[in-house]
Trainee: 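Below you'll find the structure I mean.
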Amino acid sequence: MDRCFSAFRTVNKFKKPLYSNNQLLTLLDTCKAITQIKQIHAQLITTSLILHPIPTTKLLKLLTESSFSSLTYAHLVFEQFPSPDIFIYNTMIKAYIPTAQFSSNSIVLFKSMVRDSAVVPNQYTFVFVLKACSCGLRISEGEQICVHAIKLGLDGNVYVMNVIIKMYADLGLITLARKVFDGSTSRDLYSWNSMISGYVGAGDMCGARELFDEMPERDVVSWSTMVAGYTQVSCFMESIELFHEMLQKGPPPNEFTLVSALAACANLLALDQGKWIHVYIKKEGFKIKDRLLAGLIDMYAKCGEIEFAHTIFKSLDSSKQTIWPWNSMIGGFAIHGRSQEAINAFEQMRMTTCIAPNKVTFISLLTACSHGKLVAEGRQYFESMASSYGVDPEIEHYGCMVDLLGRAGFLKEAEDIIVAMPVPPDTIIWGALLGACRIHRDTEMAERIGKVIRESNPNNVGCSVLLANMYSSRGRWTEANLVREKVDLSGMKKTPGCTSIELNGMVHQFLVGDRSHPQTEQIYSFLDEMTAKLRIAGYVPEIGEVLLDIYDEEDKETALARHSEKLAIAFGLINTAPKTPIRIMKNLRVCGDCHEATKFISKVYDREIIVRDRLRFHHFRDGICSCKDYW
DNA sequence: CTAGGGTTAG
């Protein structure tokens, strides 16, 4: 190589160079800042080495891949090069891929390379430019370029074939991806994994599973993709099941796998499972930091163990170099209604680290304010997001504000936010306002908002149900039934209330009035006995919460007593030792009567009862709920 | 001197 460069040296032989050619190249590798690169760039110019493709490619790689990269600078270097070779083109095409808004530059560069230069694209070129097509969602160009690659005889190259498979999958053309996969003569583990990942991305876990079962050999990525896939489509049980199968007969899991398995536990409220994974992580000597730490904090927080989550967070000070653990901790405090602690964690991050808060941080922080009725603080953080932290509010942040203001009773102001925000409102945000209308019994506004929602999204069951419930709670049965009939006629299905509880590592689920559990008889007779005890203690069923048109008061009470929350709590009381805390999870918001009843249960049976509903936790102890009845 | 597959958060 040195001999090759010496030809360039002669151009400047009158000037004694500071470094030898090889020394310069080695120095490039040790650059730690843009100023150092500039110095070496200057040396490359004085020695004329800059006219040689190898040092220029090295320089470009540094300018495009290091932490202090500068695409503008790189592009300048590229433009100065008289006639770039294939390496230089490829490096530049690759450089533009990850910059979302400029990934079209990769394609532009590819086109000009084909049109204006004598350089013929090779397999590397296609790997890069096709990846750019999939990042930029450029379907027609992607297809043309595929044809081009095949014409050049690159359909036998496994890298090219794999990137084509991935591109079609990324573009949502899963059938096409499969066609390429099936027709490909050169397939390796990556092809199989790309194809599985394609099915996962399309939400087709059956397709993914079929390939997974079929494939000749599976590595840690194959398994992790499947475990993560099940978690993504909310098949958490399947996720954990497959994780255990992996431990038995697959390769050892890595951080990726563990994070997905922990997320599944968090979603299932499977604390025992989660603890088991924590032990496994420690036993196998994984370094607990960043994402894995975040996964653990998230799992413990979502399984009700907010104290323990905080303990881990505090004990691993040096492992918090990214935003992940912070967001998990702030989010954990938020769902537990520990608003001040969420704020404290945020302030601690701000004061003691250089980590910049992101979109998710503010969602958690605003959620915390909302759950704690901290209206002034919420307003202040919302105002400061863009101005002090450069995080522009997105629809989710506006949603948090609507929830915060609406729940606190500022309905008009909440509506003003929706009307004035720069993004078009969606059903979720109108739904938040509708929910607030229900809490504050503003039927008039609810009717208006309900109309808006149904105009834009006539199939929204949640909205209709909420509206019907509102009419019901005010005794306006005719109107309630009218809305309900519409729902029934259209064939829309309401999500049924479902409560789950983990016992000895098994998750048990209960629906309203469920009689499918093996212990049904015992549970129902326990419920009768329990209701009687609660009444003696002063519990009065809130029959206003019965939103069906049942005229008999006694029937209303029975309907309440069979709510899935109560079934799960009864099951827990029967099957656990005295004083053991009971953890349950409901897929919807907890109902007002169940909330009241659970307060009494915690006192009468002397149990701590931890309830996770769709939005937050309620810790019941000694007749009091941690949410202070604000939810 | 340039290649490919898998994570989490409201």
Trainee: Return the nearest nucleotide to the side chain of A:Asp298; candidates are B:dA9, B:dC1, B:dA3.
Mentor: B:dA9
Trainee: Under the side-chain hydrogen bond (donor to acceptor under 3.5 Å, both in side chains) test, which residues partner A:Tyr168, sequence neighbours left out?
Mentor: none
Trainee: Considering only B:dG6, B:dT2, B:dA9, which nucleotide approaches the side chain of A:Val360 most closely?
Mentor: B:dA9
Trainee: Which part of the nucleic acid does A:Asp29 contact within heavy-atom distance under 4.0 Å: base, sugar-phosphate only, or nothing?
Mentor: nothing
Trainee: I'd like to check A:Pro82 versus A:Leu51 (side-chain heavy atoms, cut-off strictly below 4.5 Å). Are they in contact?
Mentor: yes
Trainee: Of the listed nucleotides (B:dG4, B:dG6, B:dA3), which one gets closest to any side-chain atom of A:Asp188?
Mentor: B:dG4
Trainee: If the cut-off is 4.0 Å, is A:Gln232 near the phosphate of B:dT7, judged by side-chain N/O to OP1 or OP2?
Mentor: yes
Trainee: Could you please name the option among B:dC1, B:dG6, B:dA3 that lies closest to any side-chain atom of A:Thr225?
Mentor: B:dG6
Trainee: Exactly one of A:Tyr300, A:Trp326, A:Phe308 should register a ring-ring contact (aromatic ring centres under 6.0 Å, His included) with A:Phe313. Which one does?
Mentor: A:Trp326
Trainee: Looking only at the side chain of A:Val220 (C-beta and beyond, no hydrogens), which of the listed nucleotides B:dA3, B:dC1, B:dG6 gets closest?
Mentor: B:dG6
Trainee: For A:Lys58 and B:dT2, what is the distance between atoms NZ and P respectively, to the nearest whole Å?
Mentor: 8 Å
Trainee: Do A:His75 and A:Tyr96 have a side chain donor and acceptor closer than 3.5 Å?
Mentor: yes
Trainee: Could you tell me how far apart A:Leu130 (CG) and B:dT2 (C1') are, to the nearest whole angstrom?
Mentor: 15 Å
Trainee: Any pair with a residue in residues 186-205 of chain A that passes salt bridge (Lys or Arg N to Asp or Glu O under 4.0 Å), sequence neighbours left out, goes on the list, sorted by first then second residue, please.
Mentor: none
Trainee: Under 4.0 Å between any heavy atoms, over every strand shown, what does A:Ser328 touch: base, sugar-phosphate, or nothing? Just pick one.
Mentor: nothing
Trainee: Got a sec, which residues hit ring-ring contact (aromatic ring centres under 6.0 Å, His included) with A:Tyr89, two or more places apart in sequence or on another chain?
Mentor: A:Phe78
Trainee: Identify, with sequence neighbours excluded, every residue that meets side-chain hydrogen bond (donor to acceptor under 3.5 Å, both in side chains) alongside A:Thr125.
Mentor: A:Asn90, A:Asn122
Trainee: Let me know the distance between NZ of A:Lys131 and P of B:dT2, rounded to the nearest Å.
Mentor: 15 Å
Trainee: Any idea which of B:dT2, B:dG6, B:dG4 is nearest the A:Tyr124 side chain?
Mentor: B:dT2
Trainee: For A:Met299 and B:dT7, what is the distance between atoms CE and C1' respectively, to the nearest whole Å?
Mentor: 16 Å
Trainee: Would you classify A:Ser224 as touching base, sugar-phosphate or nothing, given that sugar-phosphate means primed atoms plus P, OP1 and OP2, and contacts are heavy atoms under 4.0 Å?
Mentor: base
Trainee: Taking CD1 from A:Ile88 and P from B:dC1, how many angstroms apart are they, rounded to a whole number?
Mentor: 14 Å
Trainee: Would A:Phe87 count as stacked on B:dT2 if the rule is ring centres under 5.5 Å and plane angle under 30°?
Mentor: no
Trainee: Applying ring-ring contact (aromatic ring centres under 6.0 Å, His included), can you list everything that pairs with A:His310, at least two apart in sequence or on another chain?
Mentor: A:Phe333
Trainee: Where the side chain of A:Thr257 is defined as all heavy atoms beyond and including C-beta, which of B:dG6, B:dG4, B:dC1 is the nearest nucleotide?
Mentor: B:dG6
Trainee: Atom CD1 of A:Ile196 and atom C1' of B:dG4: how far apart are they, to the nearest Å?
Mentor: 15 Å
Trainee: Could you check how far CE of A:Met92 sits from P of B:dC1, rounded to whole Å?
Mentor: 19 Å
Trainee: What's the CG-C1' distance between A:Asn358 and B:dA9, to the nearest Å?
Mentor: 9 Å
Trainee: What are the residues of residues 155-169 of chain A, sorted by number, that bring a heavy atom to within less than 4.0 Å of DNA chain B?
Mentor: A:Asn157, A:Val158, A:Tyr159, A:Asn162, A:Lys166
